[in-house]
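Presented below is the structure to which this report refers.
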Amino acid sequence: MTKVVTKGNLIILLGSTGVGKTELSLKIAEKLGSPILSCDSRQLYKNLIIGTAAPTKEQLERVPHYFIGTLELTDYYSASKYEEDTLQLLASLFNDHQGIVMTGGSMMYIDAITKGIDEIPTVDEQLRQDLLELYREQGLDPIREQLKLLDPEFYDIVDLKNHKRVIHALEICLMTGKPYSSLRTNSKKVRPFNIIKIGLKRDREELYERINLRVDQMMQDGLLEEARNVYPYRDLNSLNTVGYKELFNYFDGTWKLDFAIEKIKQNSRIYSRKQMTWFKRDEEIQWFHPDQEKEISDYLSLTIK
RNA sequence: GGUGCCAUAGCUCAGUUGGUAGAGCAACGGACUGAAAAUCCGUGUGUCCCUAGUUCGAUUCUUGGUGGCACCA
């Protein structure tokens, strides 16, 4: 067994949408003299600023950020790409920082950094389009059948009604000539740095109220115009996003504006719950209320190596 | 004031020829390895408006209320 020498501390502030990660991350980063690595699958995109509650210009001036507004809406990205980009960046940042602050709520991106993702090839765009077309025309059955032949082991455990999972598994089988399940190692990667996970949470009532108020604030800040500007690209994956997809229905004329706004609030609340469901099972997370700055600070001085 | 209709889940409503009830939406729980703010799965939470009667048994039938809506004055 090889011993991994660790250098540096990655401090991850995580929590559901609207809990108050941004403000706290700025304070901690300033204290540590660290930049902030955003871990948010939607704040990565340019043009999605208000609706994703990305850091403001002033906040970006207070502390340098990475992974905010770096992608075009049309760019392909994934948790694996994020793993690669972040590890590379961290290797260089840890040369002159003892602690680096990361913040965000994209569950799978966090896991990609802290646990790693298996070596699986990036999906060929043409193959994906072909399979999606097959799915649209004939449904999931023919795709399930092929998967059953090529990877019976995964067929037994996959959620057969979830077309994304089924299609992706088949894609990998077809691309590699190997069963998708044979590429899944179920093992956690070891990182050459110390990882500290700080979870932020509030009572549900308090969180929901913040989410609702924040959506109203977003509308005042010009979310409608921001959404209208990207409306022509509505079919892109980057725009399958709470805060935008609802307003697209308004632009289409299928929803009234008030209804769309209510739906943004509702979908944000549902998203926050989904995040908590994911985080709940992660026993490495130390939970705090965002106002417990002193406790968080004490905890950090205990755990930073 | 009179007549008629309605009152069942958080909301909109089905339904029970008398045996304590179910859909949609909402709400809640869960899954999750290159699309993840995505995608998918599961769960009914109820003084059936109140009161008195008939009945072995009433949310259902009858009486009287209360509230809402419509029409007539």
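These figures come from a predicted structure and were not determined experimentally. Residue numbering restarts at 1 for every chain, and letters A, B, ... go by the order of the sequence lines.
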ask   = Between the side chains of A/H65 and A/Q43, does any donor sit under 3.5 Å from an acceptor?
value = no
ask   = Checking all strands, does A/G116 fall into the base, sugar-phosphate, or nothing category for heavy-atom contacts under 4.0 angstrom?
value = nothing
query = When we call it a touch if two heavy atoms are under 4.0 Å apart, what does A/K81 touch: a base, just sugar-phosphate, or nothing?
reply = nothing
remark   = Per the glycosidic torsion and the 90° limit around 0, nucleotide B/rG29 is anti
inquiry  = Roughly how many Å apart are B/rU20 and B/rU63, using the P atom of each and rounding to a whole number?
reply    = 25 Å
ask   = A/R202 side chain to A/L207 main-chain N or O, any donor-acceptor pair under 3.5 Å?
value = no
task = Determine whether the side chains of A/D130 and A/Q126 contain a donor N or O and an acceptor N or O closer than 3.5 Å.
result = yes
key: Any A/K274 side-chain nitrogen or oxygen under 4.0 Å from OP1 or OP2 of B/rU39   = no
key: Euclidean distance, atom CD of residue A/Q266 to atom C1' of B/rC11 [Å, nearest integer]   = 12 Å
inquiry  = Side chains of A/S268 and A/R214: any donor to acceptor distance under 3.5 Å?
reply    = no
inquiry  = Whole angstroms only, please: what is the OH-P distance between A/Y271 and B/rC32?
reply    = 17 Å
ask   = Taking only N and O in the side chain of A/R184, is any of them less than 4.0 Å away from OP1 or OP2 of B/rU33?
value = yes
query = Are OP1 or OP2 of B/rG34 and a side-chain N or O of A/Y82 less than 4.0 angstrom apart?
reply = no
remark   = Across every strand shown, the nucleotide meeting Watson-Crick or G-U wobble geometry with B/rA31 (both distances under 3.5 Å) is B/rU39
task = Return no unless some side-chain N or O of A/T277 is found under 4.0 Å from OP1 or OP2 of B/rG30.
result = yes
message = Need the pair for B/rU12. Rule: Watson-Crick or G-U wobble, both distances under 3.5 Å, any strand; none if unpaired.
response = B/rA23
request  = For B/rA36, take OP1 and OP2 only and decide whether either is under 4.0 Å from a side-chain N or O of A/N237.
outcome  = yes
message = Please name the nucleotide paired to B/rC71 by Watson-Crick or G-U wobble geometry with both distances under 3.5 Å, or report none.
response = B/rG2
task = Taking atom C1' in both B/rG18 and B/rU62, compute the distance separating them and give it to the nearest angstrom.
result = 13 Å
inquiry  = Give me the distance, rounded to whole Å, that separates B/rC41 from B/rU33 when you measure between the P atoms they each carry.
reply    = 15 Å
query = Quick one: is A/R128 getting a side-chain N or O under 4.0 Å of the B/rA35 phosphate, OP1 or OP2?
reply = yes
Side chain proximity check, A/L71 to A/K81, heavy atoms < 4.5 angstrom = no
Pairing partner (Watson-Crick or G-U wobble, both distances under 3.5 angstrom) of B/rU47 = none
task = Would you kindly give the CG-to-C1' distance between A/L71 and B/rA36, to the nearest whole Å?
result = 15 Å
note = Under a 3.5 Å limit on both distances, the Watson-Crick or wobble mate of B/rA58 is none
request  = Check whether the side chain of A/D118 and the base of B/rU33 form a donor-acceptor pair under 3.5 Å.
outcome  = yes
task = Compute the centroid of each ring, for A/Y45 and then for A/Y77, and state whether the two points are separated by less than 6.0 Å.
result = no
ask   = Between atom CD in A/Q275 and atom P in B/rA36, what is the gap in whole Å?
value = 14 Å
task = Could you measure between the two C1' atoms, the one in B/rG64 and the one in B/rA52, and give it in whole Å?
result = 8 Å
ask   = Rounded to the nearest Å, what distance is computed from the CZ atom of residue A/F154 to the C1' atom of nucleotide B/rU33?
value = 9 Å
request  = Sticking with atom C1', work out how far B/rA26 lies from B/rG65, rounded to a whole angstrom.
outcome  = 34 Å
inquiry  = Taking only side-chain N and O atoms of A/K280, does any of them lie within less than 4.0 angstrom of OP1 or OP2 on B/rG30?
reply    = yes
task = For B/rU17 and B/rU60, measure between their C1' atoms and round to the nearest Å.
result = 10 Å
query = Think A/N240 has a side-chain N or O under 4.0 angstrom from the OP1 or OP2 of B/rU39?
reply = yes
ask   = Do the side-chain N or O atoms of A/R204 get closer than 4.0 angstrom to the phosphate oxygens (OP1, OP2) of B/rG29?
value = yes
inquiry  = In whole Å, measure the gap between the P atoms of B/rG19 and B/rG1 for me.
reply    = 38 Å
query = Hey, does the side-chain of A/K189 have a donor or acceptor N/O within less than 3.5 Å of a partner on the base of B/rU33?
reply = no
key: Any strand: nucleotide that pairs with B/rA7 via Watson-Crick or wobble, under 3.5 Å   = B/rU66
task = Check the distance between B/rC32's C1' and A/D111's CG and give it to me in whole angstrom.
result = 9 Å
key: A/S181 and A/D151 side chains, donor-acceptor separation under 3.5 Å   = yes
request  = Report yes if a side-chain nitrogen or oxygen of A/Y77 is closer than 4.0 Å to either non-bridging phosphate oxygen (OP1 or OP2) of B/rA35; otherwise report no.
outcome  = no
note = From the candidates B/rC32, B/rU39, B/rG34, the one with an atom nearest any side-chain atom of A/H163 is B/rU39
ask   = Between B/rG34 and A/Y180, is there an OP1 or OP2 to side-chain N/O distance shorter than 4.0 Å?
value = yes
message = Between A/Q129 and A/E125, do the side chains contain a donor N or O and an acceptor N or O under 3.5 Å apart?
response = yes
Integer angstrom distance from the P of B/rU47 to that of B/rC11 = 11 Å
ask   = Within less than 4.0 Å of OP1 or OP2 of B/rA26, is there a side-chain N or O belonging to A/R269?
value = no
query = When the distance from CH2 of A/W278 to P of B/rC40 is rounded to whole Å, what number comes out?
reply = 16 Å
request  = Between B/rA35, B/rU33, B/rC41, spot the one nearest the side chain of A/D159, thanks.
outcome  = B/rC41
inquiry  = Rounded to whole Å, please give me the gap between CG in A/N267 and C1' in B/rA27.
reply    = 14 Å
